[in-house]
Amino acid sequence: MGSTESITFIFFNAFLANNFVLAMFLGLCPFLGVSGKLNTAVPMGLATSFVMLVSSVCAYFLNELLVMFNIEYLRLISYIVVIASAVQLVEMTLKKLSPTLFRALGIFLPLITTNCAILGLALFQTFKEYNFMQSLAYALGAGAGFILALLLMAGLRERLDLAKLPSVTQGAALSLILGGLLSLAFMGFAGLGAE
Amino acid sequence: MSLIKQDDRITVDTFLEGIWRENPVFVMMLGMCPVLAVTNSAINALAMGLATTFVLITSSLLVSLFRNLIPSEVRIATYIVIIATFVTIVDYIIQALSQDVYNALGAFIQLIVVNCIILGRAEACASRNKPVKSMVNAAGMGLGFTLALLCLGVVREILGSGSLFGLPLFGEQFQPWVVMVLPPGGFLVLGGWLLFFEWLKTRKQQSLAAEGVTHG
């Protein structure tokens, strides 16, 4: 049982070819919501990747336990509880270490709980039957991919603020079309890793 | 308890607001991930919409029944556990009904848990209203969500594979516009729909303004 994919392959697959945001549509809410400015996009990306890492490790051990006791139907409920606790942990750490950053992120911190990229990561690593190191690589790749997508989007949108646009296209529609173009560009990575 | 008197009446608007004025996808921009991910064919869109509607209605009912028992400090956690329970039920139901649909939707059925529409409804409506009213409201929201998914699914399936609900529409020579069923198509079609609605809104405002000038 298990998967035989190499660790580097898993990392780059999650990072570029199957980017969580642009190819698998996970974590779109922060992607569209927080990507207005570069200086909020970076801490948000870092916080999300950290939660991804913590919850991925927890989910791995939790799944072992669930399989041992034969209660897989509780998987979803236990994963979401673990993620909520991980977010709480990040919140408390940030509050202690950097109160300014904590205030800057504000409402977006608790919202990480309902970011589907995190639950999606935990579920996918279970479906693919990754072992511990593979799960770790998957979480790191997905986190890096999330930061990359957020950064690209924030950079583009900062430029767009200076551009003259027809009034109809302002707002969400334009962000979505931008996302579509970015996603088209990322399709170019799809050949990566194919033998 | 609260000073503001709650309006318990159920009007047509309770149901309709989710479909048009507060459509979760086109107006409130909630729950975007499943909207883009599973709408590559009309069937998938319909299945996803119905599953979400089921979870919306049942979790609204339960949250509304227990609204006076849940302490406000742990309400979000409680809502999530309630929602996760119903999502697990839906997951098993779909698996029993159709393995094809189950495989096509994949992890996105389980990801209904983190769909902000459901948590948003639990927080904004079900926790403050009587069970029947919250269920009617949830049904409207669910229907609005399903319609929005269908809007995307139909366009993407017609353009991307030249068929509708699996039935071929055009002749043999039709060259499918493959990019529409791939990830970028989701972004572009939703962007297109939003542009369309924005255009309708501006036109309506302009005609209202013009009327105001002639009558004033």
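Because the structure is a prediction, the values reported are computed rather than measured. Below, read A as the first sequence line, B as the second, and so on, with proteins coming before strands; counting in each chain starts at 1.
Looking at A/F127, only its side chain comes within 4.5 Å of chain B, counting heavy atoms on both sides. Heavy atoms closer than 4.5 Å to chain A are found nowhere in B/V35, neither backbone nor side chain. Looking at A/I177, both its backbone and its side chain come within 4.5 Å of chain B, counting heavy atoms on both sides. When heavy atoms are compared at a cutoff of 4.5 Å, B/I83 does not approach chain A at all. Neither the backbone nor the side chain of A/F186 comes within contact range of chain B; no heavy atoms are under 4.5 Å apart. Only the side chain of B/Y92 comes within less than 4.5 Å of a heavy atom of chain A; its backbone N, CA, C and O stay farther away. Heavy-atom distances place no part of B/A77 under 4.5 Å from chain A, backbone and side chain included. Of the atoms belonging to B/L119, it is side-chain heavy atoms, and not backbone ones, that fall under 4.5 Å from chain A.
If you take CD1 on B/I109 and CG on A/L76, they are separated by 11.0 Å, rounding to the nearest 0.5 Å. A distance of 10.5 Å separates CZ of B/F187 from CG of A/L184, quoted to the nearest 0.5 Å.
Closest approach of A/A173 to B/L194, counting heavy atoms only: CB-CB, 3.7 Å.
Of the listed residues (B/G191, B/A107, B/A84, B/P184), the one with the most heavy-atom contacts under 4.5 Å to chain A is B/P184. Of the listed residues (B/L188, B/L182, B/L111, B/T88), the one with the most heavy-atom contacts under 4.5 Å to chain A is B/L111. No other option in A/L182, A/L181, A/L123 has as many heavy-atom pairs under 4.5 Å with chain B as A/L123.
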request  = Would you please test A/L26 and B/F108 for side chain to side chain contact (heavy atoms under 4.5 Å, CB included) and show each step?
outcome  = CA-CA 10 Å; A/L26 295 168; B/F108 279 94; 3.9 Å; yes
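Under the side chain to side chain contact (heavy atoms under 4.5 Å, CB included) test applied with B/I80, the options A/I80, A/V81, A/I77 reduce to a single match, A/I80.
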